[in-house]
Amino acid sequence: MVKTMRTVYLDHAATTPIAPEVRETVAHAMAECWGNPSSLHLFGRKARDLLDEARVTVAHALGCLDAEVFFTSSGTEANNMAIFGAARVAPPHKRHLITTAIEHHAVLHACQRLQQDGWEVTYLPVDSKGMVDPDDVRRALRAETWLVSVMHANNEIGTLQPVGEIAAICREQGVWLHCDAVQTFGLLDMDVQRLGVDMLSVSAHKLYGPMGVGALYIRGGVKIAPLLVGGAQERELRAGTENVPAIAGFAKAVELSRARYSTAWQKIWQLRERLRARLQELVPDIQVNGHPQQCHPGILSVTFARVSAESLLIALDRYGVAASAGAACSAGSIEPSHVLLALGMSETQAMSTIRLSLGRGNTPEEIDFAAEVIAEQVHRLRRKAVATVSASSI
Ligand SMILES: Cc1ncc(COP(=O)(O)O)c(C=O)c1O
């Protein structure tokens, strides 16, 4: 039995703890720059300056112009803005969209809404490691295709998609490509020019920034329609007074992340590999999901046969280990994850899968502790299941 009680946070893909420097920046902005950035007086100008600086910081991190960055309330809104915004300007004969079966619901549900409005949507399959084949994109493109949306890293299994190759195909055909990069922005040099995308969504709370703020990169020349109408904020593409303190915090988080590009990926990957190896030692029959190399460094999706993910997560929480399921909680019932099913997993396997997601604050000691707790609880739940079956057969 693991004795020391401590807490280990392994749910960074859900959200990250706010960096202390970000907290200070947000508090400072709330105290000193609370004016409306659209006001012309001193108070407004102070807020406007902060907003402008933040836009430049985010633009530098994306390798684009500040005029190409549009702040939103979240990654979800950025995805919605890209998809609905592009759809609204589509000519009547161009109502086909291509996406993948494993996108975040912020993309998938937007696509489903468009289908209700008469759009045709192709959901590309993925292989057993969660990878999209760029040739499938090429084959799915038609004269009517208006937009392609492919995520950078999957939030449940971590697989990184060949976005650069897909971008080249889209460019050849003159079709816009949107990319949901919410899970990877802040971990690597996300240069939108090199990637070749037309639109890209990011979110602050996945990179140690505040919740409720994100951004959409829109390449100059790509004209989409606004989702929110009202004031002329964000170059008339996103009405509503900007959340200046949160945006300033976002920019601070971006700055801090950029300073760690060279080390964070490697450090987190080493911890992930340590956790994977430890778990494989302690529970030899685990299945690790996703691509073994082309993978987000911090996401480890593991299937424990004969164990309910829900029971395991509750047990882990009792021992201070915070993780999440590869399943989405909806309306009080746990549904098997669409991502895991798309890999070819059975519902039973999907319901036995948990996601451990690591961040830059985790330590090797925490990882060893978590591995022991997980293994112990998996063995306990398996013994309990066997005992229940034997008791019921008496
Ligand atoms: C891949 C991906 N896209 C979009 C989102 C939504 O971002 P937000 O929480 O900022 O709305 C998430 C959040 O988990 C995500 O993982």
Side-chain angles (χ1 to χ4, degrees), residues 9-18 22 58 69-84 99-113 123 126 130-132 149-161 163 177-188 190 195 197 199-217 227-228 238 240 243 246-247 249-251 253-254 257 289-291 294-301 322-330 337-340 342 354-359:
Y9 186 72
L10 295 180
D11 203 13
H12 291 81
T15 197
T16 48
I18 300 193
V22 171
V58 175
V69 172
F70 297 84
F71 288 114
T72 64
S73 67
S74 56
T76 297
E77 189 193 322
N79 284 341
N80 274 244
M81 182 171 164
I83 291 167
F84 292 127
T99 189
T100 82
I102 61 166
E103 297 298 308
H104 189 273
H105 281 143
V107 167
L108 283 184
H109 289 173
C111 291
Q112 286 159 9
R113 178 75 68 81
Y123 298 93
V126 291
M131 191 72 90
V132 174
S149 181
V150 176
M151 72 199 319
H152 195 243
N154 182 269
N155 48 302
E156 290 188 33
I157 53 170
T159 302
L160 292 168
Q161 301 302 339
V163 175
L177 174 64
H178 163 253
C179 178
D180 174 352
V182 164
Q183 286 294 339
T184 37
F185 184 52
L187 271 169
L188 77 172
M190 178 75 64
L195 214 50
V197 296
M199 292 185 275
L200 184 129
S201 304
V202 297
S203 175
H205 74 107
K206 310 290 184 181
L207 56 130
Y208 308 85
M211 288 173 181
V213 58
L216 180 66
Y217 154 76
L227 195 61
L228 298 183
R238 201 273 180 181
N243 185 350
I247 291 170
F250 183 12
V254 168
S257 299
N289 309 304
H291 199 285
Q294 300 302 314
C295 188
H296 183 293
I299 295 182
L300 182 65
S301 165
S324 67
C329 245
S330 56
S337 140
H338 66 284
V339 175
L340 300 177
I354 66 167
R355 176 187 69 184
L356 303 156
S357 52
L358 289 68

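When a ligand or atom number is given, it counts from 1 through the structure's own listing order.
Inter-residue side-chain proximity for Met190 and Phe185 is flagged as met; some heavy-atom pair is nearer than 4.5 Å. At least one side-chain heavy atom of Val339 sits less than 4.5 Å from a side-chain heavy atom of Asn154. Within the 4.5 Å cutoff, the side chain of Thr184 has heavy atoms near those of the His296 side chain.
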Expected rows: ligand 1 N/O, protein N/O, dist below 3.5 Å:
{"from": "ligand 1", "atom 1": "3 (N)", "to": "Asp180", "atom 2": "OD1", "distance (Å)": "3.2"}
{"from": "ligand 1", "atom 1": "3 (N)", "to": "Asp180", "atom 2": "OD2", "distance (Å)": "2.6"}
{"from": "ligand 1", "atom 1": "9 (O)", "to": "His205", "atom 2": "NE2", "distance (Å)": "2.8"}
{"from": "ligand 1", "atom 1": "10 (O)", "to": "Gly75", "atom 2": "N", "distance (Å)": "2.8"}
{"from": "ligand 1", "atom 1": "10 (O)", "to": "Ser203", "atom 2": "OG", "distance (Å)": "2.6"}
{"from": "ligand 1", "atom 1": "10 (O)", "to": "His205", "atom 2": "NE2", "distance (Å)": "3.4"}
{"from": "ligand 1", "atom 1": "11 (O)", "to": "Thr76", "atom 2": "N", "distance (Å)": "3.0"}
{"from": "ligand 1", "atom 1": "11 (O)", "to": "Thr76", "atom 2": "OG1", "distance (Å)": "2.6"}
{"from": "ligand 1", "atom 1": "14 (O)", "to": "Lys206", "atom 2": "NZ", "distance (Å)": "2.6"}
{"from": "ligand 1", "atom 1": "16 (O)", "to": "Gln183", "atom 2": "NE2", "distance (Å)": "2.8"}

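Ring geometry, Tyr9 versus His12: the interplanar angle exceeds 60°, so the pair is classed perpendicular (tilted spans 30 to 60°).
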Exercise for review: In sequence, state the C-alpha distance, the side-chain angles, and the governing distance for Glu77 and Ser74, and then conclude on side-chain hydrogen bond (donor to acceptor under 3.5 Å, both in side chains).
Suggested key: CA-CA 5 Å; Glu77 189 193 322; Ser74 56; 5.1 Å; no
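Note that the CG atom of Leu108 and the CE atom of Met151 stand 8.5 Å from one another [nearest 0.5 Å].
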